[in-house]
Amino acid sequence: MRTFVKMLPRALAVLAVATLALGVAYPAVVTLVGQVCFPYQANGSIIEKDGQEVGSALLGQDFTDAGHLWGRPETSSDTSSYTDASGNAVAYGSPSNVSPASESYGQTVSERVAAIRAADPARGDDAVPVDLVSESGSGLDPDISPAAAEYQVPRIASATGLSEDAVRQIISQNTQGRLLGVLGEERVNVLGVNLAIDAALGR
């Protein structure tokens, strides 16, 4: 008992120091460095249109109208402030815990393939890029592959009146290459493309 009483002040002192260092000082320093050196990333990589927040470069949204680029399938969650040309609110996605090996997921993928082909009849029986019918691990992936973006070019051009070359140029402008030229894969930011399409149409 005496040993416990003797050690208690030291233990409390260590707890207080650890709390101040790890619970106050460290978060404060990290927050300060983030706000000073990386304010865009630290505040969510928010994209604005006409002074209004329309989404994040790091968070996928569920676009469904023919004149926009579609991203990876997502389970709809909160609704963003951004609306498409038809006035429909664009929903953010959320992760799914459904196993890719399950029968229900296989049925879901088949339905998605059919929906994609119905929306893109110019592609006929061309293989549908896998990222257009399968969710990412988080369900929030904001990017798709260049192949998935190219697959949608005829539909977007037909729906918007833009030429296919113009759509491809917009996609190219919103495509990021591999890190250091070797790491990862090329990717197309869906929200960036759709905002550029709207801008090209004077929306």
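Hydrogens, waters and symmetry mates are skipped; everything else that's a heavy atom, side chains included, is used.
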Closer than 3.5 angstrom, by distance alone: can the side chain of Thr19 be matched with the main-chain N or O of Leu15 as a donor-acceptor pair? yes

Given His68, which partner from the list Thr160, Asn194, Asp198 fulfils the side chain to side chain donor-acceptor pair (under 3.5 Å) test? Asp198

Work out which heavy atom in Val109 is nearest to a heavy atom in Val133; give both atom names and the distance. CG2-O, 3.7 Å

Donor-acceptor contact below 3.5 Å, side chain Asn189 vs main chain Gly192: yes

Run the numbers on Arg117 and Val128 for side chain to side chain contact (heavy atoms under 4.5 Å, CB included), then give the verdict. CA-CA 8 Å; Arg117 284 181 169 163; Val128 177; 3.8 Å; yes

Should Phe38 and Leu32 be regarded as members of a common hydrophobic cluster, given that ILVMFWY residues are connected when their side-chain heavy atoms come within less than 4.5 Å of each other, either directly or indirectly? no

Check against salt bridge (charged side-chain N to carboxylate O under 4.0 Å, His left out), Arg72 and Asp131: CA-CA 6 Å; Arg72 299 194 71 167; Asp131 45 331; 5.5 Å; no

Nearest heavy atoms of Ala21 and Pro27, plus distance in Å: O-CD, 4.5 Å

Please tell me if the side chains of Ile144 and Gln152 come closer than 4.5 Å, counting only heavy atoms from C-beta onward. yes

Which atoms form the tightest heavy-atom contact between Thr175 and Pro146, and what is the distance? CG2-CG, 4.5 Å

Just by modelled atom types, is the Ser145 backbone N or O under 3.5 Å from a matching donor or acceptor in the Glu186 side chain? no

Residue pair Ala157 / Glu164: nearest heavy atoms and the distance that separates them: CB-CG, 3.7 Å

Report yes or no: does Trp70 contribute a side-chain atom to a donor-acceptor pair with the main-chain N or O of Asp65 at less than 3.5 Å? yes

Output yes when a side-chain donor or acceptor of Asp141 lies under 3.5 Å from a complementary backbone atom of Asp143, and no otherwise. yes

Verify, without hydrogens or angle tests, whether Ser172 (side chain) and Arg168 (backbone) share a donor-acceptor contact under 3.5 angstrom. no

With clusters defined by side-chain heavy atoms of hydrophobic residues (ILVMFWY) lying less than 4.5 Å apart, directly or transitively, does Leu20 cluster with Val30? no

Closest heavy-atom contact between Pro73 and Ser134? CD-O, 3.4 Å

Leu69 to Phe63 - nearest heavy-atom pair and separation: O-CB, 3.6 Å

When you group the ILVMFWY residues by side-chain heavy-atom contacts below 4.5 Å and let the links chain together, are Val33 and Tyr26 in the same group? no

Can you hop from Ile156 to Leu201 via hydrophobic side chains spaced under 4.5 Å? yes

Below 4.0 angstrom, N of the basic side chain to O of the carboxylate: do Glu150 and Arg123 qualify? yes

In Å and rounded to the nearest 0.5 Å, what is the CD1 to CD distance from Ile116 to Glu111? 13.0 Å

